[in-house]
Amino acid sequence: MEAQKPNNQQAKPAAPQTKKADNKTVSSNVGGIKNASIVILICFVIAVCFFIFVLGDGSHFKDGLNSNGPIDILGTIYKGGVIVPILHTLFLTVIVLSVERWIALGKAKGKGNTAKFVANIKAALAKNDLAKAEDLCRKQQGTVGAVVYATLTKYKEMDKNTILSKEQKLTSIQQQLEEATALEMPSLQQNLPICATLTTLGTLIGLLGTVIGMIKSFQALSASGAPDSTELSTGISEALVNTAFGILTAACALISYNFYSNKIDNLTYAIDEVGFSIVSTFAATH
């Protein structure tokens with residue numbers, strides 16, 4: 001009895017260790033920023049500090065007072081008014097989330113070329129070599145590999161099943177493919193809706209600043225006597241600066257959204273292509 005105890009203790013940890021290693025190899029590990037509101041808050045603090053302490057510094061204005069006319073481009077931007085730090089916040093948010101998606105989708109892509117991986121999986125399926133296909137998924141370590149591995153696991157399960165009909169087995173494999181894909185998509189598309197929102201919001205906030213600047217300009221023109229040139233130039237600066245930053249923010253957000261949406265579509269197409277091959281192989285061999 002004493003000799004059997006250590007043998008049982010050694011046998012227990014062996015199975016979970018192997019399982020843990022397998023799960024690691026097929027995980028996409030997309031990651032990314034889960035709470036974008038924190039990013040927006042930090043960007044807002046940075047934008048306000050930049051507006052007050054950098055753009056508002058006296059060295060950018062006549063006589064060292066930010067109430068006077070600007071003498072360089074930074075002073076002109078400061079004259080854009082309170083809308084400027086808001087637009088800077090939106091612009092910084094687009095930049096941060098774009099970098100975050102670059103890193104996250106780089107992990108989702110996995111190792112090696114996706115097209116080559118798909119071709120190798122299809123070649124392994126053509127030879128009915130499921131072991132090699134699973135090994136390729138472990139080495140790929142991306143979203144496509146994780147989805148394909150989950151589908152191959154269901155494939156092997158249906159291969160051993162003697163109760164269900166062929167149509168039911170094919171449906172089960174197809175459902176596993178769709179479920180695995182659905183689980184991966186939220187992590188791929190995370191924060192992209194914010195970029196899509198900023199595409200419109202940046203333009204609208206910039207337009208708001210433009211309207212406010214033009215109102216100030218017309219107020220200066222409508223004043224009795226000679227128009228105040230300082231007030232007039234301030235209003236025009238506010239209008240033009242906000243227009244520029246609104247367009248810049250919207251353009252960067254639009255480029256970022258379309259660029260990463262295209263990357264996600266490429267991964268989805270790869271998953272669909274391999275999934276179709278898996279289902280076709282099962283249908284042809286059973």
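Hydrogens, waters and symmetry mates play no part in the numbers below; they use all other heavy atoms, side chains included.
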Would you compute the distance between atom [atom1] of [X] and atom [atom2] of [Y] and round it to the nearest 0.5 angstrom?
| X | Y | atom1 | atom2 | result |
| --- | --- | --- | --- | --- |
| K154 | D159 | NZ | CG | 13.0 Å |
| Q189 | C195 | CD | SG | 12.5 Å |
| I236 | T210 | CD1 | OG1 | 12.5 Å |

Contact check, side chains of [X] and [Y], non-hydrogen atoms, under 4.5 Å:
| X | Y | result |
| --- | --- | --- |
| F282 | K169 | yes |
| L170 | Q174 | no |
| L177 | I278 | no |

[X] side chain to [Y] main-chain N or O, any donor-acceptor pair under 3.5 Å?
| X | Y | result |
| --- | --- | --- |
| N242 | G80 | yes |
| S256 | C252 | no |
| K79 | P70 | no |
| E178 | I173 | no |
| S187 | E184 | yes |
| D63 | L65 | no |
| Y260 | S98 | yes |
| R101 | Q190 | yes |

Let me check something: do L90 and I212 share a hydrophobic cluster, defined by ILVMFWY side-chain heavy atoms less than 4.5 Å apart, either directly or through other members?
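Same cluster.
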
Below 3.5 Å, can you tabulate the donor-acceptor pairs from side chains in residues 35-50 to any protein atom, sequence neighbours excluded?
| from | atom 1 | to | atom 2 | distance (Å) |
| --- | --- | --- | --- | --- |
| N35 | OD1 | S37 | N | 3.2 |
| N35 | OD1 | S37 | OG | 2.4 |

Taking the six-membered ring for Trp, are F91 and F245 closer than 6.0 Å centroid to centroid?
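Aromatic pair excluded; centres sit 6.0 Å or further apart.
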
Between Y78 and F61, how do the two ring planes meet: parallel, tilted or perpendicular, split at 30° and 60°?
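Judged by the thresholds at 30° and 60°, the geometry between Y78 and F61 is perpendicular.
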
Which of these passes side-chain contact (heavy atoms from CB on, under 4.5 Å) with I77: V54, D72, V84?
V84

